[in-house]
Each structure stands twice: as C-alpha cells, then as structure tokens.
Amino acid sequence: VFCKKQKVLDLASGEGAVSEFLQTLGCEVIALDISKEALLKVKKRGIKTVLGSVEEKLPFENETFDAVFWGDNVEHLFMPQKTLKEIKRILKKKGKLIISTPNMGYWRYRLHFLFKGMIPQTEWYGKNSWEWEHIRFFNKNIINDFIKSEGFLFNNFYGVSRRRLDKLFMNLFPEIFGMIMVVEVTK
C-alpha cells in the first residue's frame, strides 16, 4: 500500500512507531497527534510533526496526502464521521486510507458477550466499563458501512492476532479470527 516517495499522514500517531516504520519504507511522513509529549518522541525519531486534534479540521490543504494511516483511534471518537470527512478532503484522488481498530467480530469477544452479557474490554487495563476510553465498537460490517458513508471504496480487510489458534484460521476468516482489524480503502 505504501510506496517510496508517497506523502503519508500518520493520524493520531502517538509516539510514532508506525511513522518510523513508514519512513523506513521511503515514505515522506507527517505525524499528527494531540499530545505534545508524544510528538517530542516522534521528533526524536526524525519525523516531521504537527500538533492537532483529529476531532477538529485537519491543518492541511485539500488533496495533500497520497495515504493516511489512522491507527487505533476511531474507537475513541464521539464523531468519527467528521474525521473521516476530513481525511477524504486531505487525500489526493485515488488516495489510500488504512484504518486499524479492535474487531468486535473476533470470536473471543463474541463468546465474552454471549457468556457475560457485555462488550469485552479491549484496552486491557482493568477499568470498569463506564471508565473505558473505547466508545465506538466496530466489526467488518460496521466499518464497511462507516467508510462507505463518505464514499470510500473498500479494498481489503485484514485480521491481526498473536494467538496461535487465530493464526491458523486468519487467512480464511479474518473477520472472526482477527483481534484487530485493518481496513484498506480508496478515495
């Protein structure tokens, strides 16, 4: 998806691990995050940074980027569709968007809901459900409807998991055996 010389935005970059990886692929990377502390760490990796919020108008001109990586952030937003509209605005024609988020269609999460009657905690830090930072929950169908709501074209769906059992079936059923889902779409 990401090729040399592409201009790529790492949206909600955190400390810049993905930004650094993209840079090693030869991409021209800009990392945007709301945390000044995180962006200081990104700068130490040699990556250009922009302080900003994904929940506001993005500080870029129309059709600036070849690709946007929006990793593990959509599930935290009150109005993710506003952000999706902004991503569409700043992507070039035929630009790519990669979204990663927890997959509520994951088989273990389904069993948890079946037996406990509640959505499982995907943040893994032991807080009560009303204290969770994840406020949106996606599976393959929901994320597909979400991206289509802004006219993006669905390209690929990938599942990600470190569990051995999941890896055995991941290629056949990524929407069930992927703890995390990664979606690739085109403007």
To check you understand the geometry: which heavy-atom pair defines the closest contact between Val185 and Val183, and what is its length?
CG1-CG1, 3.7 Å

Any side-chain to backbone donor/acceptor pair from Arg89 onto Leu58? Under 3.5 Å, distance only.
yes

As an exercise, state the distance from CG of Leu91 to CG of Leu9, rounded to the nearest 0.5 Å.
8.5 Å

For residues 41-64, which residue pairs pass the ring pair (Phe, Tyr, Trp, His ring centres under 6.0 Å) check, not counting sequence neighbours?
Phe60-Phe65

Could you go through Val182 and Ile99, starting from their C-alpha distance and side-chain angles, then the distance that decides it, and tell me whether this counts as side-chain contact (heavy atoms from CB on, under 4.5 Å)?
CA-CA 6 Å; Val182 179; Ile99 302 173; over 6 Å; no

State whether the number of non-hydrogen atoms from other residues, nucleotides or ligands found under 6.0 Å of Met79 atom CE is greater than 12.
no

With ILVMFWY side chains joined below 4.5 Å, transitively, what does Leu40's cluster contain besides itself?
none

Under a 3.5 Å cutoff, is there a donor and acceptor pairing between the side chains of Tyr106 and Asn139?
no

Minimum heavy-atom distance Phe137-Ile142, with the two atoms named
O-CD1, 3.9 Å

Any donor-acceptor N or O pair under 3.5 Å, side chains Trp107, Asp166:
yes

Run through Tyr158, Tyr109, Phe169 and flag the one making a ring pair (Phe, Tyr, Trp, His ring centres under 6.0 Å) with Phe177.
Phe169

Closest heavy-atom pair, Asn103 versus Lys140, reported as atoms and distance to 0.1 Å, is OD1-N, 4.3 Å

Within a reach of under 6.0 Å around CG of Asp145, are more than 12 heavy atoms found that belong to other residues, nucleotides or ligands?
yes

In short, Ile47 meets Gly16 closest at the heavy-atom pair CD1-O, 4.3 Å

Check side chain to side chain contact (heavy atoms under 4.5 Å, CB included) between Arg110 and all other residues, then give those that pass, not counting sequence neighbours.
Ile176

Phe154, CZ: over 12 other non-hydrogen atoms inside 6.0 angstrom
yes

Per-pair distances, 0.1 Å, donor-acceptor, side chain in residues 29-36, under 3.5 Å, sequence neighbours excluded:
residue	atom	partner	partner atom	Å
Asp33	OD1	Ser35	N	2.9
Asp33	OD2	Ser13	N	3.2
Asp33	OD2	Gly14	N	2.7
Ser35	OG	Glu37	N	3.4
Ser35	OG	Glu37	OE1	3.4
Ser35	OG	Ala38	N	3.0

What side chain to side chain donor-acceptor pair (under 3.5 Å) pairs are there with at least one residue in residues 44-60, not counting sequence neighbours?
Glu20-Arg45

In this structure, CD of Glu150 is separated from NZ of Lys85 (nearest 0.5 Å) by 5.0 Å

Can you give me the closest heavy-atom contact between Met181 and Pro102, atom names plus distance?
CE-O, 3.8 Å

Nearest-0.5 Å distance that lies between atom CG in Leu97 and atom CG in Leu84:
6.5 Å

For Glu28, enumerate each residue passing the side chain to side chain contact (heavy atoms under 4.5 Å, CB included) test, keeping only those at least two apart in sequence or located in another chain.
Lys7

Just by modelled atom types, is the Gly26 backbone N or O under 3.5 Å from a matching donor or acceptor in the Lys5 side chain?
no

Counting only N and O atoms by type, is there a donor-acceptor contact under 3.5 Å from the side chain of Asp66 to the main-chain atoms of Gly95?
no

Trace of the side-chain contact (heavy atoms from CB on, under 4.5 Å) decision for Met118 with His112:
CA-CA 7 Å; Met118 64 181 281; His112 187 276; 3.9 Å; yes

Check this for me: Phe21, atom CZ, are more than 12 non-hydrogen atoms of other residues, nucleotides or ligands nearer than 6.0 Å?
no

